[in-house]
Amino acid sequence: MQSLDPERIEAEWQAYWEEQGIDTLVEDDGRPHYYTLEMFPYPSGDLHMGHARNYTIGDVISRYKRMCGYNVLHPMGWDAFGMPAENAAIKNNSSPAEFTYGNIATQRASLKRLGFSYDWSRAVITSDVDYYRWGQWIFLKFWEMGLVERKSSAVNWCPSCLTVLANEQVVGDGECWRCGTKVQKKELEQWYLKITEYAQELLDDLDQLTGWPERVKQMQANWIGRSVGAEVDFTLLAADGTTTDQTVTVFTTRPDTLYGCSFFLLAPEHPLVKELVAGTPYEKQVAKVVEAAAGSTSIERQGGERQKTGAFTGRYVINPVNGGQVPVWVADYVLMDYGTGAVMAVPSGDERDFEFARQYGLPIPPVVLPENDPLLEELAGVRDRVVEDVKWGQAYSGPGLMVQSGQHTGLWGGKDSEGAKAVIDGLAAMGKGRASVNFRLRDWLISRQRYWGNPIPVIYCEDCGIVPVPVSDLPVVLPMDIDLTRGEGLASRQEFLHVDCPVCGRDARRETDTMDTFTCSSWYYLRYTDPHNADAPFDRAKTDSWLPVDQYTGGIEHAILHLLYSRFFTKALRDAGLLDFDEPFANLLTQGMVKLDGETMSKSKGNVVAPEEVVGQYGADVLRLYILFMAPPDKDLEWSKEGLEGIQRFTVRFWRLVHDLLGLAGEDSLFAGTRAGQPAAEAGGLPAAEGLGAESRAAAERLLRERHRVVGKVTDDIERFNFNTAIAALMELTNTASGYLRVSAAAARAADPACQAADRELAETLVRLIAPMTPHLAEELWQKALGKSRSVHLEDWPSYDAVLARADEVEIAIQVNGKVRARITVPSGAPEDGLREAALAAAAELLAGAAPKKVIVVAGKLVNIVV
RNA sequence: GGGGGCGUGGCGGAAUUGGCAUACGCAGUGGACUUAAAAUCCACCUCCGAAAGGAUUCAGGGUUCGAGUCCCUGCGCCCCUACCA
């Protein structure tokens, strides 16, 4: 027996698998399809432990499903465009392409060293022109469908990355998702994809995603942010108080509180603001609020809450339900990009309005009263406004009785209430309002003022305006010779910038913005089904047969960004007639983080453990098994060197056990450590094993049962991704088998053919069970120790017999009043009646004559006697 | 503020439908082997107790024959999100 040498074994079998092409997909071989996918990495350096975890989980699923008889698509690629490559290029005086492709080579080597079963012939790199040309093609397809829009709006600008960002990429307290710099607001003309057209469907179809974590679905639902309510039109009064024909519309979820509107608010960025105050005494104060809001990145917080500021504009609007004149204010807490940018303030029913009213001395008339409110007696049924100001310490935003609300007084108010409906109906009849649904989701801003990305295929012509690049002119190739260290960008290349207008043929200018990298990752899972297609992004027949992805595995950080964008792309491509399914990922597994001393591993904190290092020291199999064992995949994993070494010990024990079972162990026997050639049991005080005596026969029986039980357990656990307990069960089987070998003499086993066959069968089972997790170790044992000539990874998953897994006898706990007082052993499958009798007999002494009131029998488990 | 999740030995964690709490591993302790150590093997290893026995899944209450699991209250922790009208 050779000693376990991971370095030699792993190199040898990786070469063998590659040469045999066992991971290369053979399409349409008659087996059912299974598509397992892990989120592809960004090539910013070598792989980190989070990648190792993500891809280990995916690899176990892939190998397990293959052994279960599926034709498994298990691809890998790189999300290769983006900022870090630009920054690194400037720092290292090289180019983004050099940096990116260098890291891809490094990561590819690391992935191979970890023994992942990817079909490398299908690798997709998003910065390859053969890939991104189809991203441009899809952009033009979306253009055709009316899903592309160029518009001017207040956008998020990262002053460090020198580019705009999508709403989803502004994180935390208004920071850039990539560099953490405070984002600024800028009014700019940019390219958008109309994801909002799919808002309702993106929300509704979350219900279809039964294989997604509730948490992720909730996060997406919150992000989409559907609110039901109404739009209300307020008529603007001129400066002299006369009526104009101009209206300002608000969105509200509480139309029932409309009678309590005592002031009207505009966002500082609202286009009307300037116009209202121009040349008036109010201009100065209002301008102050507007300016402060523009620099709101530096807003101070007071006691965790922002101080609200605002200013009166000197103008009024008319409340459509009661004709009341309402002062118009500008307030910094009103957001331009939610609703209409204008708000009807109802301070008695909204905490923020309440706070603002108190601060500026504005009235707070009550309109919806909570139960038991002292005002109920005074105001019940009162239609006109008699109380202008409540004495409350805070607003009441719950449901309640409507008062001081004209004809709607006495109705029940609240979100989506009868009162709300009645007010909407009244407004609709007047033509001053309508029921409305508002979404928080904004259109997806996809243009980036960066070089290292997919060029937006658009041309600006002085005569023809904005012209899409004709499909026949694709791809728009990204020039590779841009020198970022000299401050160059796409506009620096005349041959890129200047182009003949596709319509009129005159000199025109190319768009120099590139697309958000998230557009590249929004459809890569489709490309894997047909990665070399030169005529189309993908082939409908292939996507139909492989998608949706059966199992997608990746980090929770993509809960909104990537997963929402991909869902949108899928739906849009479906509507383009290119796909026939609604959702890209049927099942989603979000793996937890890898931590060290309770902190997330990160380069900046300097607390990283590099997978490469661990592989070098312990081997890929040990790293993989450790990652799977230490925590369930969706929980955070605390790194522990001791734990890693424990797993290493287990792999050695497993290795020796298989050899022992086959009679191949010799001096490396599990029990060779104590006295040469003698079972350690002797030293441990057990009688020396002489042959297959009664004790070893009993052990053999136990072992057979355990074999069937553990195969069942490991199968169930892998199906449910409980890899940690699957490994625990394998450890138990290993321990049971060691116990059996300890009490039975090797010579006697070798002399008994039935015994030898059983031992061999067990060894084969063990190797097949561990194969998805430690593929190299398993292959070495399978081919070298067991003498097989075909890869273990092409074998069938072991089967088991539930009947054999059941013990002949089971131990039944006898409880008295719910506490375990005794145990009896009965034949398994004993009938309930018998069990009851046996239990009562066994408990007679304990009961001391007390008559049982009730006896509960749980078959095969326990009997509870209630006295 | 809103939403989601969690709380089990010294540690990571198990308990699949309400049915014997603490599987498996780490750390620790003792033993065998060794001149010795490491490695290996064996045994012990929730707490109190000499033992018999008792207590124990953050705390308190409830439902139930029976609760780590379900319900209520409180405490603590984590994650997401946030002037969203």
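All chains are named by letter (A, B, ...) in the order of the sequence lines, taking the proteins before the strands, and each is independently numbered beginning at 1. Values in this document were obtained by computation on a predicted structure and should not be read as measured data.
Residue A:Lys861 places none of its side-chain N or O atoms closer than 4.0 Å to OP1 or OP2 of B:C20. Considering only side-chain N and O atoms, A:Asn735 lies under 4.0 angstrom from the phosphate OP1 or OP2 of B:G25. Listed pair A:Arg215 / B:C79 fails the phosphate criterion, with no side-chain N or O lying under 4.0 Å from OP1 or OP2. For the OP1/OP2 pair of B:A27 and a distance below 4.0 Å, the side-chain nitrogens and oxygens of A:Arg649 include at least one atom meeting the criterion. Dashed line: the shortest gap from a side-chain N or O of A:Ser227 to OP1 or OP2 of B:A85 is under 4.0 Å.
In this entry the distance linking CD1 of A:Ile812 with P of B:G66 reads 20 Å, nearest Å. Atom CG in A:Leu730 sits about 18 Å away from atom P in B:A23, given to the nearest Å. Whole-Å rounding puts the A:Leu625 CG to B:G25 C1' distance at 11 Å.
Residue contacts shown for A:Val346 are absent, as no nucleic acid heavy atom lies under 4.0 Å away. Among the protein residues, A:Asp636 comes within range of the sugar-phosphate backbone only, with heavy atoms under 4.0 Å from sugar or phosphate atoms but none that close to a base. Nucleic acid contact class of A:Arg440 (heavy atoms, under 4.0 Å, all strands): base. When heavy atoms are screened at a 4.0 angstrom cut-off, A:Gly646 is found touching the sugar-phosphate backbone but no base atom. Among the protein residues, A:Thr252 comes within range of the sugar-phosphate backbone only, with heavy atoms under 4.0 Å from sugar or phosphate atoms but none that close to a base. Among the atoms of the strands shown, only primed sugar atoms or phosphate atoms (P, OP1, OP2) are found under 4.0 Å from some heavy atom of A:Glu732. Residue A:Asn438 is out of contact with every strand shown, counting any heavy-atom pair closer than 4.0 Å. Base contact: A:Gln815 has a heavy atom under 4.0 Å from a base atom. Residue contacts for A:Lys217: at a heavy-atom cut-off of 4.0 Å it reaches no nucleic acid atom on any strand shown. Across all strands shown, A:Asp353 has no heavy atoms under 4.0 Å from either base or sugar-phosphate atoms.
The aromatic ring centroids of A:Trp223 and A:Phe439 lie 6.0 Å or more from each other.
Between A:Phe356 and A:Tyr360, the two ring planes are tilted [angle within 30° to 60°].
When distances are taken from the side chain of A:Lys854 to each of B:A15, B:C84, B:C65, the shortest belongs to B:C65.
With its glycosidic angle within 90° of 0, B:G9 is assigned syn.
Residue A:Tyr259 is tested with A:Val368, A:Val367, A:Val346 for a side-chain contact (heavy atoms from CB on, under 4.5 Å); the sole match is A:Val367.
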(message) Checking A:Trp655 against A:Phe650 for the ring pair (Phe, Tyr, Trp, His ring centres under 6.0 Å) test, could you report, in this order, the C-alpha distance in whole Å, the side-chain angles of both residues, the deciding distance, and whether it holds?
(response) CA-CA 8 Å; A:Trp655 167 265; A:Phe650 169 70; over 10 Å; no
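Remark: A:Lys308 qualifies as a cation-pi partner of A:Tyr333 under the 6.0 Å distance and 45° angle criteria applied to the six-membered ring.
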